[in-house]
Amino acid sequence: MRKLILSVHVSLDGFVAGSAGEMDWIVVDEEIFDETVKLTDAADTALYGRVTFDMMQDYWPKAGENPSATKHDKEHSAWYNRVEKVVMSRTLSTSDLQNAKLVGADIVPEIEELKSTAGKNILIFGSPGAAHTLMNYNLIDEYWLFVNPVILGNGIKLFSGIKDRVKLSLLSTKKFANGVLALNYLVVK
């Protein structure tokens, strides 16, 4: 069975975005990008909520072609273009999507079916609304939390409205030179 892995930047006080959705507080650099490549190399499917998919689709398909593209932009653009993309949405129709599969009517059986197919991991970057839904149905198998050295005070919480307790086992930690701390947890089922 494939693992569904959530990878997300989070503030020290548990927010994934500011109150207006801003993410300008997220610290990223080559060291973090190199760590992220380990996650993408082990995944052949990207899962997004509708809003995040729209943002990704606006940038990543051609990001690697830009003459000023960074190493990360080239690598992530190639990965994005290569992998299967799945969008969680109750408002989109399949005709709204190009090069992506829609999940929305019956999320639990659809995600369980996706996880049961052959392949590498399924990776969800950010997408707080989709992540909340997946958490509430206990569909996430592993968490990669990139804890940024900032306290936002308000915004979009990572663990908002979670119905049931989720037991986790710490797999690894990594401290980056920029002050970000990566925490990797396995969900204990």
Side-chain angles (χ1 to χ4, degrees), residues 1-11 13-19 21 23 26 36 38-57 60 79-80 83-148 152 154-173 182-189:
M1 180 169 258
R2 300 163 72 186
K3 288 192 292 185
L4 176 55
I5 299 172
L6 173 65
S7 174
V8 65
H9 283 268
V10 62
S11 66
D13 53 345
F15 295 98
V16 294
S19 56
M23 296 181 285
I26 294 175
T36 304
K38 294 176 188 175
L39 292 170
T40 55
D41 282 350
D44 63 4
T45 304
L47 178 62
Y48 302 106
R50 183 195 53 79
V51 173
T52 303
F53 176 73
D54 287 344
M55 288 188 320
M56 300 297 268
Q57 194 67 8
W60 286 114
W79 177 81
Y80 183 85
V83 299
E84 177 183 11
K85 286 165 273 306
V86 178
V87 181
M88 288 178 54
S89 175
R90 290 188 174 102
T91 59
L92 292 176
S93 70
T94 53
S95 64
D96 296 324
L97 298 175
Q98 293 179 4
N99 204 16
K101 176 182 173 183
L102 181 64
V103 170
D106 293 314
I107 289 173
V108 174
E110 290 176 284
I111 297 296
E112 287 175 344
E113 180 182 339
L114 182 64
K115 288 171 65 171
S116 71
T117 60
K120 295 181 176 182
N121 293 330
I122 304 160
L123 191 55
I124 179 170
F125 284 112
S127 297
H132 293 152
T133 300
L134 295 167
M135 287 178 210
N136 275 320
Y137 289 117
N138 200 25
L139 292 167
I140 297 175
D141 301 298
E142 195 172 315
Y143 290 85
W144 273 90
L145 307 177
F146 290 86
V147 182
N148 284 248
L152 294 181
N154 59 52
I156 301 171
K157 283 280 216 188
L158 175 57
F159 300 107
S160 177
I162 305 305
K163 295 186 272 186
D164 297 315
R165 181 180 300 179
V166 177
K167 186 166 174 50
L168 305 171
S169 175
L170 182 64
L171 296 176
S172 68
T173 62
L183 304 172
N184 177 214
Y185 289 99
L186 179 69
V187 175
V188 178
K189 297 188 180 192

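- Using a 4.0 Å cut-off between charged side-chain N and carboxylate O, Asp141 and Lys189 make a salt bridge.
- Side-chain N or O atoms of Asn184 include one that pairs as donor or acceptor with a backbone N or O of Tyr143 at under 3.5 Å.
- Using a 30° and 60° split on the angle between ring planes, Phe125 and Trp79 fall in the perpendicular class, above 60°.
- Looking at Glu142 and Asn121, their side chains never come closer than 4.5 Å, going by heavy atoms from C-beta outward.
- How far CG of Leu158 is from CG of Asp13: 11.5 Å, rounded to the nearest 0.5 Å.
- A 4.5 Å side-chain heavy-atom check between Leu134 and Leu6 finds every atom pair outside the cut-off.
- Across all non-hydrogen atoms, the minimal contact from Ala43 to Leu123 is CB-CB, 3.9 Å.
- Considering every non-hydrogen atom in both Gly49 and Ser127, the closest pair reads N-OG, 3.0 Å.
- Heavy atoms only, all atoms of each residue included: Val16 and Pro128 are closest at CG2-CB, 3.7 Å.
- The environment of Phe159 atom CZ is dense: over 12 non-hydrogen atoms of other residues, nucleotides or ligands sit within 6.0 angstrom.
- Ser7 and Leu39 get closest at one heavy-atom pair: OG-CD1, 3.6 Å.
- With respect to Thr45, the side chain to side chain donor-acceptor pair (under 3.5 Å) criterion is satisfied by exactly one of Lys115, Arg2, Lys101, Lys120: Arg2.
- Here the side chains of Thr91 and Arg50 are in contact, with some heavy-atom distance below 4.5 Å.
- Atom CG of Asn148 is separated from atom CZ of Phe15 by 14.0 Å, given to the nearest 0.5 angstrom.
- For the atom pair Met1 CE and Leu114 CG, the distance stands at 10.0 Å (nearest 0.5 Å).
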Using side chain to side chain contact (heavy atoms under 4.5 Å, CB included), reason through Thr133 and Met88 one step at a time and then give a plain yes or no.
CA-CA 10 Å; Thr133 300; Met88 288 178 54; 4.0 Å; yes

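- Counting only distance, with no hydrogens or angles, the side chain of Glu110 and the backbone of Asp106 share a donor-acceptor pair below 3.5 Å.
- Looking at heavy atoms from C-beta onward, Ile5 lies out of side-chain contact with Ile122 at the 4.5 angstrom threshold.
- Residues Ile162 and Asn136 approach most closely at CA-OD1, 3.4 Å, considering heavy atoms.
- Ser172 contributes atom OG, which lies 11.0 Å from atom CG of Leu186 (distance to the nearest 0.5 angstrom).
- In this structure a side-chain-to-backbone donor-acceptor pair under 3.5 Å is missing from Lys167 to Arg165.
- When all heavy atoms are compared, the tightest approach of Val83 to Ala46 is CG2-CB, 4.1 Å.
- Using a 4.5 Å cut-off on side-chain heavy atoms (C-beta onward), Lys85 and Tyr80 make contact.
- To the nearest 0.5 angstrom, Leu4 atom CG is 11.0 Å from Glu112 atom CD.
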